[in-house]
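Report on one structure; see the data block that follows.
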Amino acid sequence: MTTAGGEQSGVDLKRFNEVFFEECAENLAQMEQILISLGDREPDQEQMNAIFRAAHSIKGGAGIFGFDDMTVVTHVMESLLDRLRNHEIVFAPGMIDLFLEAGDAIAMQLAGHRDGKPVHQEAIDQVRARLQQTIDGDTTQAPASPVSQTQTQAPPEGGLPTSYRLAFTPEPEIFMRRVRMESIIAELADLAEAGTFRCEARLAELPDFAGFDPECCITRWEFALVSRATRDQLADVFMFVADEDQLRIEEHPAERRSQVQDPPSEPALPVEGRRAYDRNETAPGAFGRRGGEAESTFRVNVTKVDQLVNQVGELLITQAMLSQVAGGLDPILHQSLQRGLAQLERNTRDLQASVMSIRLVPISIVFNRFPRLVREIAAKLGKQVELKTSGDSTELDRGLIEKISDPLTHLVRNALDHGLESPEKRTATGKNPVGTLQLSASQVGGRIVIDVIDDGAGLPREKILAKATENGITCSETMSDEEVWQLIFAPGFSTASEITDLSGRGVGMDVVLKNVQAIGGRVQIASEVGKGVRVTISLPLTLAILDGLSVAVGGEKFIVPLNVVIESLQPKAEQLKTVNGREVVQVRGEYLPILKLHSIFNLETEVTEPCRGILVLVEADGERGAVMVDALLDEQQVVVKSIETNYRRVEGSAGATILGDGRVALILDLPELFSMHRQL
Amino acid sequence: MTKKGFVNDVNITLDGACTMERVTDLHAFLAERCAALAETPPSAVRVDLARVPGIDACGCQLLALFLEQLRHLSIGASADGAGTEVRESIELLGFSSLFAGEHPQP
Amino acid sequence: MQQTAQNSSEQQGVAQAASEYLTFTLGSESYGIDILKVQEIRGYDCVTRIANTPPFIKGVINLRGVIVPIVDLRIKFNVGEATYHEFTVVIIINVLGKVVGIVVDGVSDVVALPRESIKPAPELGASLDTRYITGLGTLNDQMLILVDIEKLIGSDELQIVDSAADNSQSEVVNQ
């Protein structure tokens, strides 16, 4: 049975759940990160506490929002951690893996609730049973029943018992949010020393009964307890439900246990309104976050940021338009206008840089996935691998992070599977039996460069050539090493002699290349026999804005991304040659194919001879060429717009932009143009 | 409307869970009782919770408000008879004294 | 909201008074499209050509920061005369999550057609394929061809919507 009110709150509920899901994912990630960093070492007290807190807060949130299934595994996990922490159980290296599996189980449940993904209950039951076994097997104490209320004591770092008084004035919608007050209160009660917890509900007002909205919360709760927990730990109990001004915490460290067992019926707290947050108190930290760093951050919906980015993009276009209009005015007569416009341009650029920086996130988000992956794969393959990362704090656009993750994962798998040798083989060749896999990120100019380096056997030239021939890929013995390495990017190429379940599966480097290219990136390979392979991915800083050179061809304008441009020149007749019926230009001893934009794009123009136009020399994906245009127009920053939002993909373009005059101009995709040119 | 079952206006028996999901129906039911009681106020009203299998904060609040409303009309109002589980919930949620009528609210 | 209301009334088979249609002409024929699918009507200017597309894809325009493709239905259906001047009209359609502009000979009016007055489309010699016609209406003794604009925009014939080959690729790399 659903009441009308229940249905209405469905949307809201989802939004509130989202906060929990996010927190939960963060907690899981944090937990995993700590566990991985341990290797097989025993966690120190601080790490243990951090893991415990993560598990505890997942459990708490799950309880509050009614995801009871998620509390089951977390509960047993918490029990085990608690016993470990109190040295009731002796740490064993296998526990790390068990905790990791438990984390996976919880993540699966999370995905089940959030995205409706399938949940394998057996796997969860198994993990739970094994956790329970570990508890039972190692302790003389009676095993905890897995779903009972938590019996864990207050986290020990609190020190001396302190007397606290709390007042919680929830927002009126708290019931509609389906928040379970009983879970919150029970959790708070768990933090209290035995027998000290008091809870009193009070009605903040007495509205007329008939006209009262029964789903609206008018209750205010007051609690009194003695606890070893810190103020922040108490505040954390309310982290999903209370804003700062809805929770008051008073502490009386001087008071001893006996003094607070007074009945709390006497006015426990000065009765104050909703906003009665006393600034003089030590702030309980930003809710929903922990520790010092948290206080200066808050969550913003990604769509809001994207909207901001779009609006700044529009502003840039408007500014460009104004500049263009003003360019036609007499600079002496309109001096102050020009000055203002110059100022506007500076301000717009600054604003744009600030806004774009909001979208930047550290690459550690992706790198952090790998310790675990490497550990698992290495174990499966019987290889010994040390993973090193550097430049973890290198920032790149959020959108890129999501899209670079898969290609990087693939490269890492490849390196482990095909690159690094077995310990025996390594020892035999005089290498350290432990192989090294290095992930490094750095910002080089306007691009982010990510290297995946292994110290394995290097790429096998002969094998690659043989395989390419076998698969009908054009190649020859005389090819340079660089050209040979490029072969592995050919569709359907795979050097693994047998398909393993790690990186075989018929998916190859071609997909990596395609995915990286799709986000404006490039992939390069360097390899040395016996020394290893370095795969370098370079990405634009952001997807949203790029520096471009605008060029004109037959009345249309195009944008050439500046990062592919080497130089531009007006060729002399003696530089122009024909090779195999194709026009080329000789620049410093090198013959570059001439890509006539007008013929690739079927445009009519008067400039059909290279001598009369301009050649823009470009390099993309290691390929060089000369793009022939009518004229160069301007160098400008352009806002990248998707054509695919309302239309299909356009061959030869990497998106479009809006110019100062309001017209649309296509942004050229050079690698695609090269292949279009070859097909002409 | 699934709400049913009352004995008389001075001994109100709630039947079914007293929770957020049912609070709208419960409110309608109690509002009706409240209106009837306001016309001819008895000296005391007892709400019987024996047939309530579960209660949450939202249900507690509604019940507490109902009782307070009656007390406002100078009717001695209390709720009791709850099973162990429900009583524990009420205690945990801090509504015990409001239900017993021990601490009149402002 | 309006749209939902209409859809649900269709489902329930309730004889709603009338639906509104934007009527336009292509050559000598009058067509109507569901007014709820029309975002706006604007003039034809500043179209950027896109290479290697069929002739009826005129290119793309900047519609307040959004890039919108322009389809000339006159060329596509070989009617009227594909000339462009200050009176050339583009109807901006919003269907299937896409915003698309269509060029027609002229926009006439918005009319309300009683549901019962709409007849099923026979196989007839309209320039538009029967697949895209939902029915025939009558307006001032003139035949009005009602177009299923959503089906038309989404059709392979117009090549506006990609056949979404990209998804398979990302799935593969997830392996």
Side-chain angles (χ1 to χ4, degrees), chain A residues 310-311 313-315 317-318 403 405-407 409-410 413 501-508 510-516 518 553-558 597-604 639 641-653 655-659 661-666 676, chain C residues 37 39-40 42-71 90-102 150 153-175:
Chain A
N310 285 340
Q311 285 166 347
E314 296 306 310
L315 186 62
I317 292 165
T318 312
K403 294 190 172 112
S405 165
D406 282 343
T409 308
H410 198 82
R413 283 175 190 273
D501 69 335
L502 293 171
S503 47
R505 291 201 213 175
V507 184
D510 57 322
V511 181
V512 171
L513 182 68
K514 258 195 182 144
N515 280 274
V516 172
V553 182
E556 297 286 346
K557 289 175 186 171
F558 294 92
L597 272 194
H598 74 271
S599 56
I600 292 175
F601 285 141
N602 279 320
L603 297 167
E604 279 175 27
V639 181
K641 298 263 177 186
S642 165
I643 303 175
E644 284 152 86
T645 311
N646 293 314
Y647 189 56
R648 53 192 293 144
R649 229 189 94 66
V650 175
E651 206 187 7
S653 86
T657 192
I658 293 161
L659 298 173
D661 61 6
R663 290 181 71 104
V664 178
L666 296 185
M676 287 166 87
Chain C
K37 307 271 197 301
Q39 181 177 313
E40 62 186 275
R42 68 194 307 278
Y44 180 96
D45 61 348
C46 295
V47 178
T48 298
R49 283 188 50 189
I50 291 182
N52 309 322
T53 50
F56 57 83
I57 301 284
K58 295 310 295 176
V60 291
I61 58 161
N62 160 30
L63 185 70
R64 292 182 297 278
V66 179
I67 294 176
V68 173
I70 301 295
V71 182
V90 179
I91 305 175
I92 306 291
I93 307 281
N94 193 337
V95 286
L96 305 165
K98 303 248 173 201
V99 180
V100 177
I102 57 174
E150 191 166 316
I153 297 291
S155 68
D156 290 343
E157 250 184 283
L158 284 199
Q159 304 179 23
I160 291 171
V161 185
D162 247 333
S163 26
D166 281 359
N167 296 345
S168 55
Q169 196 184 80
S170 61
E171 264 167 33
V172 175
V173 84
N174 275 336
Q175 292 283 313

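Proteins get letters first, then strands, A, B, ... in listed order; numbering begins at 1 in each. Model, not experiment: these values are computed from the prediction.
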All side-chain hydrogen bond (donor to acceptor under 3.5 Å, both in side chains) counterparts of A/Ser642, not counting sequence neighbours: A/Thr645

- request: Please report the closest heavy-atom contact between A/Arg663 and C/Val47, naming both atoms and the distance.
  value: NH2-O, 3.2 Å

- prompt: Just by modelled atom types, is the C/Val68 backbone N or O under 3.5 Å from a matching donor or acceptor in the A/Asn646 side chain?
  reply: no

- prompt: Of the listed residues (C/Val66, C/Ile57, C/Ile153), which shares the most heavy-atom pairs with chain A below a 4.5 Å separation?
  reply: C/Ile57

- prompt: In Å, rounded to the nearest 0.5 Å, how long is the span from CG of A/Asn602 to CD1 of C/Ile50?
  reply: 13.5 Å

statement: The reported gap from CD in A/Glu644 to CD1 in C/Ile67 (rounded to nearest 0.5 angstrom) is 11.0 Å

- request: Look at the side chain of C/Arg49 and the backbone N and O of A/Phe601, then say whether any donor-acceptor pair between them is shorter than 3.5 Å.
  value: no

task: Please list, chain by chain and in numerical order, all residues satisfying side-chain hydrogen bond (donor to acceptor under 3.5 Å, both in side chains) with A/Gln311, sequence neighbours excluded.
output: none

- request: Against chain A, label C/Val100 side chain, backbone, both or neither, depending on which of its atoms sit under 4.5 Å from a heavy atom there.
  value: side chain

message: If you define the side chain from C-beta out and look only at heavy atoms, does anything of C/Asn62 sit under 4.5 Å from A/Lys641?
response: no

statement: Of all heavy-atom pairs linking C/Thr48 and A/Val664, the shortest is OG1-O, 2.5 Å

field: Which atoms of A/Leu659 approach chain C - backbone, side chain, both or neither, heavy atom under 4.5 Å
entry: neither

